[in-house]
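Let me begin by presenting the structure, written as structure tokens, before commenting on it.
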Amino acid sequence: MDPLEHPREEFRKIVEQVAHGLGLGETPEVEKTARFGYFSAKFHKYRVHPAKLREVVEAVGDLRYLDKLSVDGLYLNADLNAERLAEAVFKAVSQMSTRYGYTDQCRVGSFLVEHTSANPVHPLHIGHGRNAILGDSLVRLLKFCNNKVEVHFYIDDCGVQVMYAAIGLDAVREEAAMWRSKPDLVIGDIYTAVNAIAEINKLKSELSKTVDEARQREIIAEMDEWVSVLNRIERDFVNKLVETLGRENLVEKAAELNKRYEMGDVEVRESVRRVVELVLRGQRETLARLGVEIDFWDYESEITVWSSEASRYVRKLVDKWPQYVEHKGGAVVFRADKFAEDFKLTDVLNLPKFIPPVTLMRSDGTTLYVTRDVAYALWQWRRGFDRVVRVISTEQTHEQAHVRIILYALGYEEAARKIVHYAYEMVKLPGAKMSARRGQYISLDEILDEASERSASLIKEKNPEVAGVIAEKVAVGAVRYAYLSTSPKKPIEFKWDTVLNMRQNSGPFLQYTYVRAYSILEKSPKYDFVVPNQMLPEERELLVKVAEWPSTVREAVLSLRPDYVAEYLDGLALLFNSYYEKAPVLKADEPTRSFRLALVNSVKTVLESGFYILGIPILTKM
RNA sequence: GGGCCCGUAGCUCAGCCCGGAUAGAGCGGCGGCCUUCUAAGCCGUAGGUCGUGGGUUCAAAUCCCAUCGGGCCCGCCA
């Protein structure tokens, strides 16, 4: 039920009638206008005379859902009939309750959504936060609209980086009992340390072979950098790691382990699985804190490597398109660039205009990330959903294009078109890119803790008895909203002030607004849905905003933009707070009192569904 | 060098797809409002060559071209 449906339809018919009356071959579109009523249509491009337009408009009969039909220059404007609108809103809200906002048009199909998919060697950091929250809100939005959704997290438990973590953990496992921190935080440090040691070892051996002085200085500077990475890690085990691994050629060792791993060596599998599980335990905990739910945890190793899916399709590709395959020293390279050009795939698959060739097999016979990703994409597609949405940062634009091209080349043309790369821009630290390898990141837990503390100190002044329970929920609201209040297409420079913002345009601001509405209704749970014949301008405005909820949801789901919901809710909250200050509800006389209660209830209902979509916890006290 | 994305108030951003009526919010400034439904709030006020140049059009923040600035990518990394 969409309260704006009837008025929109009425206006559309009027425009149609007017267009016909003017002898136009087509009907102008119905548009929204902020200052000249509510709906508008423009006739400029038809070169009609304003007087003629006015004449035709005068012939229009009585209005039912609209009000004040008027002509202004070549604009045809109409306002909403507030009383009718109020009736429609109240009816929809009382019948649908927190389902209000749903319309059949926002039911668009079934979706497999893959998001977050962080490497299992370090904790989730503020970059993954964007992915997780964007993905999760998208899932919630789709679910709110009754679409079938399955949520997947791809565990990238293959490749050299996992070997590094495993090597490190194996070296310091005896110290494991001493761990007091979350396991993912510990492994993250181990991973960074092993990386640093590997780099230092590599540079050392390069230095011993270098005679060029300038190059020597470069190497030393680089080594210093990695040493300082090591020094920044405040863990007892760093010394032990250096002692154990300081003389080894870790690059070679990791490559060797990786090869054994892909071939299914039991010992290596166990050691990798051990480290991966520890990290996942921590990552799951963080996601749970944020209210993010995952249905399936997909192990890359099992789905793509040990099942032989990856090598199987590579063989198929080589057989099918030998003219696009090059063999370079045993490595297999697919000329995705030439293939895309020859088959004119740029528009069909929505590809960038530049595509590099892609290596699918190393000369040692092991797979690469993209190799496995194609196999995984295929696996996802075979689960039988209308669309597969992969929430992955824009960094991977080319890699994701490769996946689509290869699927197409393999004959999975529909899959290639229906697997979408849902790209979002990066989260940067001020002045630097985040890098788990360099231990340069802020973990999600950290910002949640900090937000929680800040919120606790705010609550202590007002409601000390509930501070503990509320602080964390406020923190989640703040962090989730902070991510959603920026378009996914814009890079974010991480700033504590934004995440910890608890004033307007923030999660806590929305939560606070809800608390206000809730506490009014709590004091007077019974009322009738009455529509007065006089309304305050603020009441009208608020009513219109509430009526726009279903169209907002629709737009958000059609364009897959949960951030539209965040923007809408902020606007709704601003209107409501303004109204709250101006118009007393409980102290008003009947029937105004009942009307206001019904209005407040509508706002509260919309906030509840909106909170569900954005994953903002609902609070009744703050 | 090539590709993708982004340049709108001091700051963060919406609007651009689908061109039209005085370009919208919030933060921060400044000035106000708590014996009255929770002040994490509200009211008022100042603040803008919509990066720049050209083109299309009766009409451009919006479309096209060029140019400048920022981010990311162009690996036998993931």
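Fair warning: this is a prediction, and the values are worked out from it, not measured in the lab. Order of the sequence lines fixes the chain letters, A, B, ..., with proteins taken first and strands second; residue numbering starts at 1 for each chain.
Nucleotides C16(B) and A21(B), compared at atom P, are 13 Å apart to the nearest Å. For the C1' atom pair drawn from G48(B) and A14(B), the interatomic distance equals 15 Å after rounding to whole Å. Annotation: G69(B) and G51(B) have their C1' atoms spaced 7 Å apart (nearest Å). Spacing of C1' atoms, C65(B) relative to U57(B), comes out at 16 Å, to the nearest Å. Between G1(B) and U56(B), the two C1' atoms lie 31 Å apart (nearest whole Å). For G54(B) and A60(B), the P atoms lie 13 Å apart once the distance is rounded to whole Å. Annotation: G7(B) and U62(B) have their P atoms spaced 12 Å apart (nearest Å). Nucleotides A66(B) and C72(B) place their C1' atoms 23 Å apart, quoted to the nearest Å.
Between the P atom of C76(B) and the CD atom of Glu326(A) lies a distance of 12 Å, rounded to the nearest Å. Distance, Asn195(A) CG to C77(B) C1': 11 Å, rounded to whole Å. Atom CG in Leu500(A) sits about 13 Å away from atom C1' in A40(B), given to the nearest Å. Rounding to whole angstrom units, CD of residue Glu262(A) and C1' of C76(B) are separated by 12 Å. Atom CD of Gln396(A) is separated from atom C1' of G71(B) by 16 Å (rounded to the nearest Å). Nucleotide C37(B) holds its P atom 10 Å from the CZ atom of Arg516(A), rounded to whole Å. Atom NZ of Lys353(A) and atom P of G1(B) are 18 Å apart (whole Å). Atom CD in Gln511(A) sits about 15 Å away from atom C1' in G41(B), given to the nearest Å.
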For nucleotides 6-18 of chain B, read 5' to 3', which letter fits each nucleotide if B means a protein heavy atom sits under 4.0 Å from the base, S means only the sugar-phosphate is that close, and - means neither? SS-----SS----
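Each of Glu399(A) and Leu586(A) lies near RNA chain B, and the nucleotide nearest Leu586(A) is the one positioned closer to the 5' end. The residue among Pro352(A) and Gln161(A) whose nearest nucleotide of RNA chain B lies closer to the 5′ end is Pro352(A).
Counting non-hydrogen atoms of other residues, nucleotides and ligands closer than 6.0 Å to NZ of Lys473(A) gives a total of 12 or fewer. A 6.0 Å sphere centred on CD of Glu29(A) holds no more than 12 heavy atoms belonging to other residues, nucleotides or ligands. By the 6.0 Å contact criterion, CD on Glu252(A) is open, its count of non-hydrogen atoms from other residues, nucleotides or ligands being 12 or less.
Remark: ring of Tyr75(A) overlaps the six-membered base ring of A21(B) in a stacked fashion, centroids less than 5.5 Å apart, planes less than 30° apart. No aromatic stack links Phe509(A) and the base of A40(B), using centre distance under 5.5 Å and interplanar angle under 30°.
Side-chain contact annotation: Tyr369(A) with Glu399(A), donor-acceptor N/O pair under 3.5 Å absent. With hydrogens and angles left out, the side-chain atoms of Tyr38(A) and Glu548(A) include a donor and acceptor closer than 3.5 Å. Side-chain N/O atoms of Asp373(A) and Gln400(A) include a donor and acceptor closer than 3.5 Å. Side chains of Tyr376(A) and Glu300(A): a donor-acceptor N/O pair is absent below 3.5 angstrom, by distance only. Using a 3.5 Å distance cut-off with no hydrogens or angles, the side chains of Ser524(A) and Arg593(A) do pair a donor with an acceptor.
Across all strands shown, Ala478(A) has no heavy atoms under 4.0 Å from either base or sugar-phosphate atoms. Here Arg372(A) lies in heavy-atom contact (under 4.0 Å) with sugar-phosphate atoms only. Residue Asp373(A) is out of contact with every strand shown, counting any heavy-atom pair closer than 4.0 Å. Within 4.0 Å of Lys587(A), counting heavy atoms only, lie sugar-phosphate atoms of the nucleic acid but no base atom. Ser435(A) comes within contact range of no nucleotide atom at all, as no heavy-atom separation falls under 4.0 Å. Within the nucleic acid shown, Gly73(A) has no heavy atom closer than 4.0 Å to any nucleic acid atom.
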Which nucleotides of RNA chain B pair, in dot-bracket form (Watson-Crick or G-U under 3.5 Å, | meaning another strand): (((((((..((((......[...)))).(((((.......))))).....(((((..]....))))))))))))....
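Counting only distance, with no hydrogens or angles, the side chain of Arg335(A) and the backbone of Val325(A) share no donor-acceptor pair below 3.5 Å.
Closest to the Val474(A) side chain, of the nucleotides A40(B), C42(B), U36(B), is A40(B). Side chain of Ser578(A), nearest nucleotide from C72(B), A21(B), C43(B): C43(B). Each of C74(B), A40(B), C37(B) was ranked by its minimum atom distance to the side chain of Lys523(A); first place goes to C37(B). If you check G71(B), G3(B), A40(B) against the side chain of Ser455(A), the one that comes closest is A40(B). In the set G26(B), C72(B), C37(B), the nucleotide with an atom closest to the side chain of Leu574(A) is G26(B). Taking every side-chain heavy atom of Tyr580(A) into account, A39(B) is the closest of A21(B), C76(B), A39(B). The side chain of Lys428(A) has G71(B) as its nearest neighbour among G26(B), G71(B), G2(B).
Between the side chain of Ser519(A) and the base of C37(B) there is no donor-acceptor pair of N/O atoms closer than 3.5 Å.
Shown for residues 39-47 of chain A: residues whose heavy atoms fall under 4.0 angstrom of RNA chain B, namely Ser40(A), Lys42(A), His44(A), Lys45(A), Arg47(A).
Residue pairs meeting the ring pair (Phe, Tyr, Trp, His ring centres under 6.0 Å) criterion with at least one member in residues 461-499 of chain A, sequence neighbours excluded: Phe494(A)-Trp496(A). Within the structure, every pair that satisfies the salt bridge (Lys or Arg N to Asp or Glu O under 4.0 Å) test and touches residues 499-522 of chain A, not counting sequence neighbours, is listed here: Arg516(A)-Glu581(A). The salt bridge (Lys or Arg N to Asp or Glu O under 4.0 Å) contacts involving residues 474-488 of chain A comprise Asp136(A)-Arg480(A), where partners must be two or more places apart or lie in separate chains.
Contact annotation: Lys433(A) side-chain N/O to C73(B) OP1/OP2 distance is under 4.0 Å. At C76(B), one or more side-chain N or O atoms of Thr359(A) fall inside 4.0 Å of OP1 or OP2 (strictly under the cut-off). Between Arg503(A) and A39(B) there is no side-chain N or O to OP1 or OP2 distance below 4.0 Å.
In summary, of the residues considered (Ile133(A), Leu484(A), Asp563(A)), a side chain to side chain contact (heavy atoms under 4.5 Å, CB included) with Leu614(A) occurs for Leu484(A) alone.
By the rule that a glycosidic angle within 90° of 0 means syn, C34(B) counts as syn.
At a threshold of 4.0 Å, the pair Lys489(A)-Glu425(A) does not count as salt-bridged, since none of the basic side-chain nitrogens sits closer than that to a carboxylate oxygen.
Within the 4.5 Å cutoff, no side-chain heavy atoms of Ile405(A) are placed close to those of Tyr324(A).
Between Phe354(A) and His398(A), the angle of the ring planes goes over 60°, which puts this pair in the perpendicular group of the 30/60° scheme.
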